[in-house]
Amino acid sequence: MTSTSWTAANSRRLARRERRRQLGPLAILTHVALLVWTVLTVVPILWTFLASVKSEDEIFGDAWSMPASLQWDNFARAWEQAQIGQYMLNSVIVVSFSTFGTMLVGSMAAYVLARYPFRGNRAVYLLFVSGLAFPVYLALTPLFFVVQNMGNVPLVGPFIGLNTHAGLVLVYIAYSMPFTVFFLSAFFRTLPTAVGEAARVDGASHTRVFFQIMLPMAKPGLMSITIFNVLGQWNQYQLPLVLLQERDKWVLTQGIADISTAAGYDQDWAALFAALTLAILPMLVVYTIFQRQIQAGLTAGALK
């Protein structure tokens, strides 16, 4: 090791030691809390993955024992007999359209509220934000009748009423709007105004400034809130349970719940854990791929 590299390494050690000394007990408590949270999050996921390739007897035996042989037929039963493949396709369709609609409408609303002062601006913003404090469970009964009445609308009613994926998409968009507008409004306020003003001087319309200038500049924030919406809508159970009653229209969460309740005490636990694994893996892959973008979006506003 050269003297320069030794000096740099020694400086880093001294800096880490100084930070630990300054933080003191707080650093220890923080690391302990993070360790506990990691264990509480990772252990159930690992156990689910392990149980998905076990037999029924092995699942109810030693919880952490390795399977004698990998039971891949658990996934086949979940995919074909329990129709998890169809439910997953339904979830992909619903979440794709609802996320796209949420991001399109939410970003436009957030941009206007953040960058265009007008009478009532603050009241509209607070109306959106107040949705964060309103539990959706309190609105399930009136929501059911609202969507049911939407089915009576001429021409489009049969496509947006009860037991329709389009109706569930509209509800998901409304359900996701408060947090989307709250997050993106704060993000749009941090963006520089000079570029947009220059484009307006050059004759660009408000629409062109938004789609060609502001949206690309807001990409970190858009990526973050998109992933949050995908995760939230993918894992949603209560809303589709109320609005989708026809079995062929069910989404993935309803299909998994049906496996656990269809046969009473004789349910197929191995297929259930296989279905849970199939539900977890896509979101785990998405979060792993876009982890850096999510972190960049959450910190970009604070750094500007």
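Only this structure's heavy atoms are used, side chains among them; waters, hydrogens and symmetry mates stay out.
Considering only heavy atoms from C-beta on, N90 stays 4.5 Å or farther from L252 through its side chain. Counting heavy atoms from C-beta on, the side chains of P220 and M223 never come closer than 4.5 Å. Side-chain contact between L50 and L46: absent, with no pair of heavy atoms (C-beta onward) separated by less than 4.5 Å. Contact of the Y87 side chain with the Q254 side chain is not registered, since no non-hydrogen atoms from C-beta on lie closer than 4.5 Å. L222 is not listed as a side-chain neighbour of F187, based on a closest heavy-atom distance of 4.5 Å or more. Looking only at side-chain heavy atoms (C-beta outward), W269 and K54 stay at 4.5 Å or farther from each other. Between P240 and W250 the shortest side-chain heavy-atom distance does not fall below 4.5 Å. In this structure, M108 and V112 have side chains that are not in contact, with every pair of non-hydrogen atoms separated by 4.5 Å or more.
Across all their heavy atoms, A78 and A274 have their closest contact at CB-CB, 4.3 Å. Across all non-hydrogen atoms, the minimal contact from I259 to A275 is CD1-CB, 3.8 Å. Residue W37 comes nearest to T41 through the heavy atom pair O-OG1, 2.9 Å, listed as atom of the first residue, atom of the second, then distance. Taking every heavy atom of both residues into account, V286 and I227 meet most closely at CG1-CD1, 3.7 Å. Considering all non-hydrogen atoms of both residues, K249 and N163 come closest at NZ-O, 3.0 Å. Taking each heavy atom of T180 and G106 in turn, the nearest pair found is CG2-CA, 4.1 Å.
Atom CG of L143 is separated from atom CG of L138 by 12.0 Å, given to the nearest 0.5 angstrom. Distance check: N235 CG to M283 CE gives 7.5 Å after rounding to the nearest 0.5 Å. Rounded to the nearest 0.5 Å, atoms CZ (F179) and CG (L132) are 7.5 Å apart. In this structure, OG1 in T193 is found 13.5 Å from CZ in R200, a value given to the nearest 0.5 Å. Remark: L244 CG to T164 OG1 distance equals 7.5 Å, nearest 0.5 Å. Rounding to the nearest 0.5 Å places CH2 of W234 at 11.0 Å from OG of S98.
Surrounding CZ of F97 are at most 12 heavy atoms belonging to other residues, nucleotides or ligands under 6.0 Å away. For Y175, the OH atom is loosely surrounded, since the number of other residues' heavy atoms within 6.0 Å does not exceed 12. Residue R208 places its CZ atom among 12 or fewer non-hydrogen atoms of other residues, nucleotides or ligands, all under 6.0 Å distant. Within 6.0 Å of CZ in F159 there are 12 or fewer heavy atoms belonging to other residues, nucleotides or ligands.
For E56 (side chain) and A270 (main-chain N/O), a donor-acceptor pair under 3.5 Å exists by modelled atom type. Under the 3.5 Å distance criterion, the side-chain polar atoms of T253 are matched with a main-chain donor or acceptor of Q236. In this structure, E58 contributes its side chain and S55 its backbone to a donor-acceptor pair below 3.5 Å. In terms of modelled atom types and a separation under 3.5 Å, the side chain of T99 and the main chain of S96 share no donor-acceptor contact. Side-chain atoms of N74 come within 3.5 Å of backbone atoms of Q71 as a donor-acceptor pair (strictly under, hydrogens ignored). Although no hydrogens or angles enter the test, the distance criterion places no donor-acceptor pair under 3.5 Å between the side chain of H165 and the main chain of I93. In this structure, the side chain of S176 does not engage the main chain of I173 through any donor-acceptor pair within 3.5 Å. In this structure, S130 contributes its side chain and L127 its backbone to a donor-acceptor pair below 3.5 Å.
Relative to the six-membered ring of Y125, R189 meets both conditions, a distance below 6.0 Å and an angle of at most 45° to the axis.
Residue pairs that meet the side-chain hydrogen bond (donor to acceptor under 3.5 Å, both in side chains) test with at least one member in residues 111-121, sequence neighbours left out, are Y116-H206.
One hydrophobic cluster, built from ILVMFWY side chains closer than 4.5 Å, cannot hold both F134 and V171; they sit in different ones. No continuous path of hydrophobic side-chain contacts links I45 to I59 [ILVMFWY only; heavy atoms under 4.5 Å]. By the rule that hydrophobic residues join a cluster once side-chain heavy atoms approach within less than 4.5 Å of another member, L104 and I213 end up as members of one cluster. One hydrophobic cluster, built from ILVMFWY side chains closer than 4.5 Å, cannot hold both Y237 and L243; they sit in different ones. V124 and V129 fall within the same hydrophobic cluster, defined by Ile, Leu, Val, Met, Phe, Trp and Tyr side-chain heavy atoms under 4.5 Å apart, directly or through other members.
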Begin from the C-alpha positions of L276 and F273 and carry the test side chain to side chain contact (heavy atoms under 4.5 Å, CB included) through to its verdict. CA-CA 5 Å; L276 286 172; F273 286 114; 4.0 Å; yes
Y172 vs N229, side chain to side chain contact (heavy atoms under 4.5 Å, CB included): CA-CA, chis, key distance, verdict: CA-CA 9 Å; Y172 274 3; N229 282 329; over 6 Å; no
Test log, rule side chain to side chain contact (heavy atoms under 4.5 Å, CB included), inputs Q233 and T102: CA-CA 11 Å; Q233 294 171 10; T102 300; 3.7 Å; yes
Please walk me through it: do L278 and I256 pass side chain to side chain contact (heavy atoms under 4.5 Å, CB included)? CA-CA 10 Å; L278 292 173; I256 292 175; over 6 Å; no
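Ring planes of F210 and F188: tilted class, angle from 30 to 60°.
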